[in-house]
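Just so it is clear, the values below take in all heavy atoms, side chains as well, and ignore hydrogens, waters and symmetry mates. All residue numbers refer to positions in the sequence shown, counting from 1.
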Amino acid sequence: MALRTVLTTIAFIATWLSIGYAIGAKTASSAPLKKSGGQLPAPPTPAPKNTEDVEDEADSEGEEEVADGDLSAVKPGFLEPCKLVLIVRTDLGMTTGKIAAQCGHATLACYKALLKTNPTLLQHWERTGQAKIALKASSEDQLLELEAVAKSLNLCARAIHDAGKTQIAAGSRTVLGIGPAPVELVNRVTGKLRLL
């Protein structure tokens, strides 16, 4: 009799957790649409590039960068997995150490941006394991396209520009960080890319 009571209680708790998760996931996925009257947000308009690069010596004159969307609009559901994606340009021929350093800069840039605009998302990512995935991009144009798509979905996207002190020409975009954000949302941008 006691075993039956325990099993019934476990089933009851599991059912309510599932219902709560489903409600939270539905609310989170529809939140950005409610603000814009049921339509996807308009793509952001280009803004002047932020000259505060990771390494100060990168020259940014004449370049433009896509403005951020509403970074606070991304709200993961309860227990929804989140990840940070680091997209590395393979056409530059960077060494493993250089790639690691650039990925570290991209991770920190995304973290700092969300710390100011969406700390709740950052805390959720930290609680769910801080997943980080490294993917390949074949060119700077591909990075720019991915960055624009990510920002149009209100995802945090930060490109790292090299200072040109070691292996790479000054101002080269080396890595693009996207996220952290819910896996499903990030996969809309990076789902077709291959692992590094």
Side-chain angles (χ1 to χ4, degrees), residues 43-44 46-47 49-56 58 60 63-76 80-92 94-164 167-168 171-196:
K49 179 180 167 17
N50 181 1
T51 57
E52 184 183 323
D53 292 331
V54 173
E55 298 179 22
D56 295 332
S60 63
E63 292 183 20
E64 289 188 355
E65 189 171 299
V66 177
D68 282 331
D70 182 8
L71 298 182
S72 64
V74 177
K75 309 242 185 270
E80 185 174 14
C82 290
K83 69 179 177 180
L84 170 67
V85 173
L86 302 162
I87 306 162
V88 179
R89 279 183 59 190
T90 56
D91 62 318
L92 294 174
M94 293 183 285
T95 63
T96 313
K98 182 71 170 178
I99 290 171
Q102 298 297 298
C103 286
H105 291 314
T107 301
L108 186 58
C110 289
Y111 191 92
K112 284 180 173 181
L114 286 177
L115 191 58
K116 293 177 186 174
T117 58
N118 197 343
T120 305
L121 173 60
L122 213 50
Q123 291 168 354
H124 179 81
W125 174 65
E126 290 172 339
R127 281 194 304 267
T128 57
Q130 300 176 15
K132 291 170 282 307
I133 310 295
L135 303 173
K136 297 178 188 179
S138 58
S139 67
E140 183 175 25
D141 288 340
Q142 188 178 16
L143 279 189
L144 290 169
E145 180 181 327
L146 292 166
E147 182 179 8
V149 172
K151 288 183 176 184
S152 74
L153 293 172
N154 295 323
L155 294 173
C156 179
R158 294 292 182 265
I160 301 306
H161 302 264
D162 194 68
Q167 307 168 12
I168 310 299
S172 299
R173 282 180 174 83
T174 55
V175 175
L176 173 66
I178 298 177
V183 170
E184 182 184 338
L185 192 56
V186 175
N187 285 347
R188 289 188 204 172
V189 181
T190 63
K192 294 184 180 180
L193 299 177
R194 301 185 67 128
L195 289 172
L196 181 65

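- Not one N or O on the side chain of Thr174 forms a donor-acceptor pair closer than 3.5 Å with the backbone of His161.
- Heavy-atom contacts from other residues, nucleotides or ligands closer than 6.0 Å to CD of Glu126 number more than 12.
- To the nearest 0.5 Å, atoms CG (Leu146) and CG (Leu176) are separated by 6.5 Å.
- The closest donor-acceptor contact from the side chain of Lys192 to the backbone of Val189 lies at 3.5 Å or more, if one exists at all.
- Residues Leu135 and Leu195 meet the side-chain proximity criterion, which asks for heavy atoms closer than 4.5 Å.
- The CG atom of Leu115 sits 11.0 Å away from the SG atom of Cys156 when rounded to the nearest 0.5 Å.
- With contacts defined as side-chain heavy-atom distances shorter than 4.5 Å, the pair Thr90/Leu196 qualifies.
- With rounding to the nearest 0.5 angstrom, the CE atom of Met94 is 5.5 Å from the CD1 atom of Ile168.
- Between Thr120 and Lys75 there is no side-chain heavy-atom pair separated by less than 4.5 Å.
- A pairwise comparison of heavy atoms in Leu114 and Gly179 identifies CD1-O, 3.8 Å as the closest pair.
- A donor-acceptor pair under 3.5 Å is formed between the side chain of Gln142 and the backbone N or O of Ser138.
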Start with the C-alpha gap between Val149 and Arg188, add the side-chain angles, then the distance that decides, and say whether side-chain contact (heavy atoms from CB on, under 4.5 Å) holds.
CA-CA 9 Å; Val149 172; Arg188 289 188 204 172; over 6 Å; no
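- The backbone N or O of Lys98 lies less than 3.5 Å from a partner atom in the side chain of Thr95, making a donor-acceptor pair.
- The shortest side-chain heavy-atom distance between Asn187 and Lys83 falls under the 4.5 Å cut-off.
- Between the side chain of His105 and the backbone N or O of Val175 there is no donor-acceptor pair closer than 3.5 Å.
- Formation of a donor-acceptor pair under 3.5 Å by the Asn154 side chain with backbone atoms of Gly69 is not found in this model.
- Residues Pro182 and Val74 come closest through the heavy atom pair CD-CG1, 3.5 Å.
- Here the straight-line distance linking atom SG of Cys82 with atom CD of Gln123 works out to 12.0 Å at 0.5 Å rounding.
- The closest side-chain heavy-atom distance from Thr96 to Ile99 is not below 4.5 Å.
- Taking CD1 of Ile133 as the start and CD1 of Ile178 as the end, the distance is 13.0 Å to the nearest 0.5 Å.
- What you find for Ala157 and Asp68 is that their closest heavy atoms are O-OD1, 4.5 Å.
- Here the closest non-hydrogen pair linking Ile87 and Ala137 is CG2-CB, 3.5 Å.
- In terms of heavy-atom proximity, Leu84 sits nearest to Pro180 at CD1-N, 3.8 Å.
- With Trp125 contributing its side chain and Ala181 its backbone, the two residues share no donor-acceptor pair below 3.5 Å.
- When all heavy atoms are compared, the tightest approach of Ile160 to Ala109 is CD1-CB, 4.3 Å.
- The shortest side-chain heavy-atom distance between Gln167 and Leu92 does not fall under the 4.5 Å cut-off.
- The CG atom of Asp91 lies 12.5 Å from the NZ atom of Lys136; values are rounded to the nearest 0.5 Å.
- Not a single donor-acceptor pair under 3.5 Å links the side chain of Arg89 to the backbone N or O of Leu143.
- Tyr111 and Gln130 are not linked by any side-chain donor-acceptor pair at a separation below 3.5 angstrom, with hydrogens and angles left out of the test.
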